[in-house]
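Residue numbers start from 1 in every chain, and the chains themselves are labelled A, B, ... in the order their sequence lines are given, proteins ahead of strands.
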Amino acid sequence: MLAFSIRRILVAIPTLLIVLTITFVLIRIAPGDPAEVRLGDYASKEAVEALRRQMGLDRPMWVQYLEALKGLLQADFGRSIINGRPISGDLKRALPYTIQLTLFGIIFGALFGIPTGVYSALRRNTLTDYIGRTLSLGGLSIPSFYLGILLMLVFSIHIPLFPVVGGGDIHDLADNLYHLFLPGLTLGLVMTAYVTRMTRSSVLNTLNEDFIRTARAKGLSERKVIYKHLLRNALLSIVALIGVYSIILTGGSVMVEIVFSRPGLGRMMIGALKQRDYTTLQAVMIVFATFVVLINLIADLIYGLVDPRVRRK
Amino acid sequence: MQRLSKGRKLLKTFLRNRTSFIGACMSLALIIIAIFSYWLAPYDPLKQNVYHRLTPPEMIHIFGTDEYGRDVFSRVLTGARISLFVGIVSVALGMIIGTMMGMVAGYAGGKLETAIMRFLDIMMSFPDEVFGVMVMIVLGPGMLNVIIAITILMIPRFARVGHAPTLGIKEMDHIVSAKAIGAGSGRIIIRHILPNIFGDVLVMSSLWLGTAIRLEASLSFLGVGVPPPTPTLGNMVRVGVDFLASGPWVSLFAGLAILFAVFAFNLLGDGLRDITDPKLYAR
């Protein structure tokens, strides 16, 4: 297990490096010079040049790249080109809101998606299965921002149970959860749809396996077949997909944060985009990518832990 | 003869499979509406009318009007046409480029394969919405750029569909024989490998057309899609959010149209996959 873990971590490092490089290059080739953006349209050429020098933009790209990498190693993302504040401070404030949201989403999705998927698969081609399948296909089809708007319309505007916007006070748990509920539900429902589908097909695949037939043939009770043989193996492939879910979740969290004006990373990204704040944008993109690479790494490690076959490869 | 009967059998299964049949009907209806949206729309989707701002749905404006007094129904029809156009073009481009890349990687093997597939894996480690925004920042707004962005998001998906089966197919006898009589790599890939995976590719295109439409709407909703005044469904939902209390119908109907479109293609793709996957079909 140790060798496997080390190998996986070593593979994650170049991935992360490539992701950082892609982000860096894309932001650099984006139209609009940061110095010009900050000074506005009426600034003199000399002033722009001076600011470029001050911000270090006049140096060769590879020097800037190495500087950025050096900063990242110390968790220093530089300063925002719009307000001059250190970006790491803003990130630190935004991150908990996004983490809360995605955690809520994945827990909700697993809690409701796995049982529904198993139930749907075991009662394949019955009415319940059809309803479950249609609903989960609907959940895959509905854009998360639209689902958020629908929930908001019903539970905040028509029946004013929950707040329309905001993230709540991060230090006040009750207020926090109160603000988390609707956005979390939105993401959770979308997640439930994905998890239900994956679980259903995974259980169906496992049902066809020889060891299930053997278990039945040797006279085990259906209960034992399902809990001891079927679920344990079917759930393996669901764990293997945590990485995929995490990518979907992160993307969904951006949309949901925009709808509910939650002060998380997604909103920070779109805010930076509107102000053309390229340094902040770069920082948020890097955090998103790191987030996904890390979750993928963790998912792989968990998978290796529960399935010894993976470790040997 | 063999081919025909196989095709007929597939068609029969297709008609009997309710999922794909309903999906096909919905998709077809959508495409017809999109093509004829110009004639079907009762009003000019861009015409403003200050006296009819945010009027609720009624007989003359069945989906109501928006904050400029524009007819929401006409705008939804036009928006659907744009979404569908962007979706179809980007999925087609992504399909051609991605499948090609996957097949070439699989056939060539070695370093080239590792390089291509590794790079595409990394692209897929960004969430679609985040990567889409990133590409749109670089390219700037505009319909062509939205198409490019979604194409880029589609390429790794199709590459995987092209890659995995190629690995098995290239070891088959008919490929080995083709190579033996001197067929070039390009010919082998196009004439001998592609026909074997084309069915899978088509099925996935239908499924991912839904994804592409959802992505177009998401980019528009984030404000980096096709810029106004062109009505797109995502833009309409975004603008409508500001009037959720006084005129929810703007967001509601535009979003419903997105849901309908995505659901239709997902249903079709899902059904097609059930039919064409013999393992599932046998059950």
Between chain A and each of B:F260, B:F263, B:F119, B:F221, count heavy-atom pairs under 4.5 Å; write down the option with the most.
B:F221

Specify which of B:D270, B:L267, B:I258, B:I213 makes the most heavy-atom pairs with chain A at under 4.5 Å.
B:D270

Any donor-acceptor pair under 3.5 Å from A:R262 side chain to A:Y97 backbone:
yes

Between A:S202 (side chain only) and A:M198 (backbone N and O only), is there a donor and an acceptor less than 3.5 Å apart?
no

Heavy-atom contact with chain B under 4.5 Å, split by part of A:I258:
side chain

Examine whether an atom of B:M123 lies under 4.5 Å from a heavy atom of chain A, and if so say whether it belongs to the side chain, the backbone or both; otherwise answer neither.
neither

Within this structure, what is the OG-CG distance for the pair B:S205 and B:D200, rounded to the nearest 0.5 Å?
10.0 Å

Distance alone, cut at 3.5 Å: any donor-acceptor contact between the side chains of A:R197 and A:S120?
no

Heavy atoms only, distances under 4.5 angstrom: which of B:D121, B:V241, B:V133, B:D128 has the most pairs with chain A? Name it, please.
B:V133

Sidechain-backbone polar pair: B:R238 side chain, B:S220 backbone, donor-acceptor under 3.5 Å:
yes

Pick from A:G251, A:A289, A:S144, A:P143 with the largest number of heavy-atom pairs that fall under 4.5 Å of chain B
A:G251

In terms of heavy-atom proximity below 4.5 Å to chain A, should B:R118 be classed as side chain, backbone, both, or neither?
side chain

For A:L150, which atoms come within 4.5 Å of any heavy atom of chain B: side chain, backbone, both, or neither?
side chain

From the list B:L252, B:L215, B:V224, B:V135, the residue making the most non-hydrogen contacts under 4.5 Å with chain A is B:L252

Contacting region of A:L281 [heavy-atom separation from chain B under 4.5 Å]
side chain

Using heavy-atom distances under 4.5 Å, tell me whether A:L273 contacts chain B through its side chain, its backbone, both, or neither.
side chain

Checking A:T23 against chain B: side chain, backbone, both or neither under 4.5 Å from a heavy atom?
both

Gap between atom OG of B:S90 and atom CG of B:L144 - 0.5 Å precision:
10.5 Å

Under 3.5 Å, is there a donor-acceptor pair between the side chain of B:T232 and the main chain of B:V226?
no

Between atom CD1 of A:I18 and atom OG1 of A:T15, what is the distance when rounded to the nearest 0.5 Å?
6.0 Å

Short side-chain to backbone donor-acceptor contact, A:E257 and A:R267, under 3.5 Å
yes

Nearest 0.5 Å please: distance from the CZ atom of B:F85 over to the CD1 atom of B:I31.
13.5 Å

For chain A, which of B:G210, B:A217, B:A254 has the most heavy-atom pairs under 4.5 Å?
B:A217

Measure distances from A:F291 to the heavy atoms of chain B and classify the residue's part below 4.5 Å as side chain, backbone, both or neither.
neither

A:L26 versus chain B, the contacting section by heavy-atom distance below 4.5 Å:
both

